[in-house]
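Letters A, B, ... mirror the listed sequences (proteins, then strands); counts begin at 1.
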Amino acid sequence: MTEKAYNQCVELHADNLYRFIFNNIKDSDMASDIVQDAYEKMWLYKDGVDPAKAKSYLFTTAYHLLVDTVNKNKHLIPIEQQPEQEFSTDRGYSDLNEILHDVLNRLPADQKMVLMLRDYEGYSYQEIGEITGLSESQVKVYIYRARVFLKKYIGRLEVVL
Amino acid sequence: MSEMRYINRDNYEAWFLDYLEGSLTDSEQRQLSSFLLNNPDLKQDLHKEDLVRLPSDYMQSFDAKQKLRRAPSPFSELSEYEFAMADALENGNPFPMERAKMSAADQKEWTLYKSTILRAHAVKYPRKKALKRRSFAILPDAFRVAAAAILLMLLYNTKDSTELVEGRHKGHYEPSTQISSSLTASIPEQTKELADNVTNNEQTKAVLLEAPIIMDATFSINEKDSEIEEYRAYIEPIGEQQIRQQLAELGQPEIPNVYETGLKLMMPHYINNHNSLAALYELPETEALASASEKSNTITSELLKRINPLNISYDRIYDEAGELVAVNLSADGFELSQRIPKWLNRRE
């Protein structure tokens, strides 16, 4: 990978990568550090990185850094362990997308990550599997579960659609 | 009906139902006929339709069955209905089932499922510029070659023409001027002899011999012809004898020896430093310098002051109890203190 290709990768993917990380950990500094580390690693091994697969490489690296960070800061409670009243809220929402992003934080980390890779980045199950190290079938299960949970949540909120 | 059973007034309704459904065996049918003969009041009940026919509402199939059935593995956590919805959404199908079969509730569910697709916010990574790599523009090969050539030329032209060679005196070195062969070739033999007579010092000879030639060359380079002519007009009438006399009057020139000169310059400083160090050890012991460590401290500080150009000083700081609490290193531009941990500060 040339310097030009690398800089092009920065232009094309840095925002998306940052958004993916930030929406997962909700900490701009940590998200920024992870993005920086991912690019640093790509630069370090630039000779072995195919520019066509640079995005996947970045997301894979960032995903693993993210998992490490999440494991260090175990603030996410699995959805199964959340009390029922957690599913209701008095908060006023102006936008369904806002609700969804709020609900997203209630999903288990792995479901949240794969769903974001799917919806934000448009990755296929196979690509998400390569990034996360999960099987294609497992990715699919996580995504389906996440969708059902999100639907149930917004259904309970009785959002006017 | 694996076991033999008997009809009576308590269970006759079940028998009637079985009869209407055609599930009675021949012997049971005969038993039923015998029972009706003995109980004619019940015979009319056998033909009542409402006993065996449910209202039409109950005959419809349960439309929520799909919600009860589990989805195939590995999605068995989800119902078949949820799976169908999610699957349709994921595969981009317009509807999970035939639209005609979709109830209003299904339609609403489907709308909710479609709403679960996340729309990305536009987010800007704030440190994008810092990620980019920049390298200096690499010069083309031609420029590299040119740069190397210029560098070589500069190095060649600035080569120091003075080098140290071993002199006549053992262990001593003196500077010697390299005389270029082009210049020496043009020096007349007579002038060389003259210089030999005047002095034995090679350097002096070189100066005497080269001066006119170098000046001539210099002036010719500078194209100051008038000055050259003036110089020649002064030199030529003097003649060889007069030059010899004038040189003899000058006597033996004294060319300072570099080593000796250097030694002379350094020696006073060396002696001074030596005396200072010697004096330090001879200082009388005062109360403040009673302990050997304090004396050492002062000596260290003094040494630092004397041998370093930054005027660094080193001090130890004691508390009221006389315990060493910190060391202080200071100079003109800075001061550095290091606190000593208590466990380290135990006096013997």
Residue from B:Lys128, B:Lys129, B:Lys124 scoring the most non-hydrogen pairs under 4.5 Å with chain A is B:Lys128
Note, A:Tyr120 side chain near B:Leu118 side chain (heavy atom, < 4.5 Å):
yes
Between B:Arg127 and A:Asp33, does any side-chain N to carboxylate O distance fall below 4.0 Å? yes
Cut-off 4.5 Å, heavy atoms of chain A, and the answer for B:Leu78 is side chain
- Task: Apply side chain to side chain donor-acceptor pair (under 3.5 Å) to the pair A:Tyr125 and B:Glu90, showing each step before the final yes or no.
- Result: CA-CA 10 Å; A:Tyr125 300 130; B:Glu90 281 296 311; 2.6 Å; yes
**Prompt:** Salt bridge between A:Lys152 and B:Glu82, side-chain N to carboxylate O under 4.0 Å?
**Reply:** yes
Distance col, row A:Arg118:CZ vs B:Ile117:CD1, nearest 0.5 angstrom, shows 9.0 Å
Minimal heavy-atom distance between A:Asp119 and B:Thr116, with the atoms involved, is OD2-O, 3.8 Å
To the nearest 0.5 Å, atom OG of B:Ser115 lies from atom CG of A:Leu100 at 7.0 Å
pair B:Met85-A:Tyr144: side-chain heavy atoms closer than 4.5 Å: no
Check: Hey, is A:Glu3 close enough to B:Lys132 for a salt bridge, meaning N to O under 4.0 Å?
Finding: no
| message | Taking the side chain as everything from C-beta on, heavy atoms only, tell me whether A:Glu40 gets closer than 4.5 Å to B:Leu131. | response | no
| query | Step by step, would you call B:Tyr125 with A:Gln36 a side chain to side chain contact (heavy atoms under 4.5 Å, CB included)? | reply | CA-CA 10 Å; B:Tyr125 178 54; A:Gln36 214 161 348; 4.2 Å; yes
| task | Determine whether more than 12 heavy atoms belonging to other residues, nucleotides or ligands lie under 6.0 Å from atom NZ of A:Lys26. | result | yes
Honestly, the part of A:Glu11 sitting under 4.5 Å from a heavy atom of chain B is both
Taken in chain and number order and not counting sequence neighbours, the residues that satisfy salt bridge (charged side-chain N to carboxylate O under 4.0 Å, His left out) with A:Asp68 are none
Chain B shares the most heavy-atom pairs under 4.5 Å, among A:Phe22, A:Tyr39, A:Phe20, A:Tyr6, with A:Tyr6
Chain B shares the most heavy-atom pairs under 4.5 Å, among A:Val35, A:Leu17, A:Asn16, A:Leu115, with A:Val35
task = Evaluate the criterion side chain to side chain contact (heavy atoms under 4.5 Å, CB included) for residue pair B:Glu77 and A:Val141; output intermediate values, then yes/no.
result = CA-CA 9 Å; B:Glu77 258 184 48; A:Val141 169; over 6 Å; no
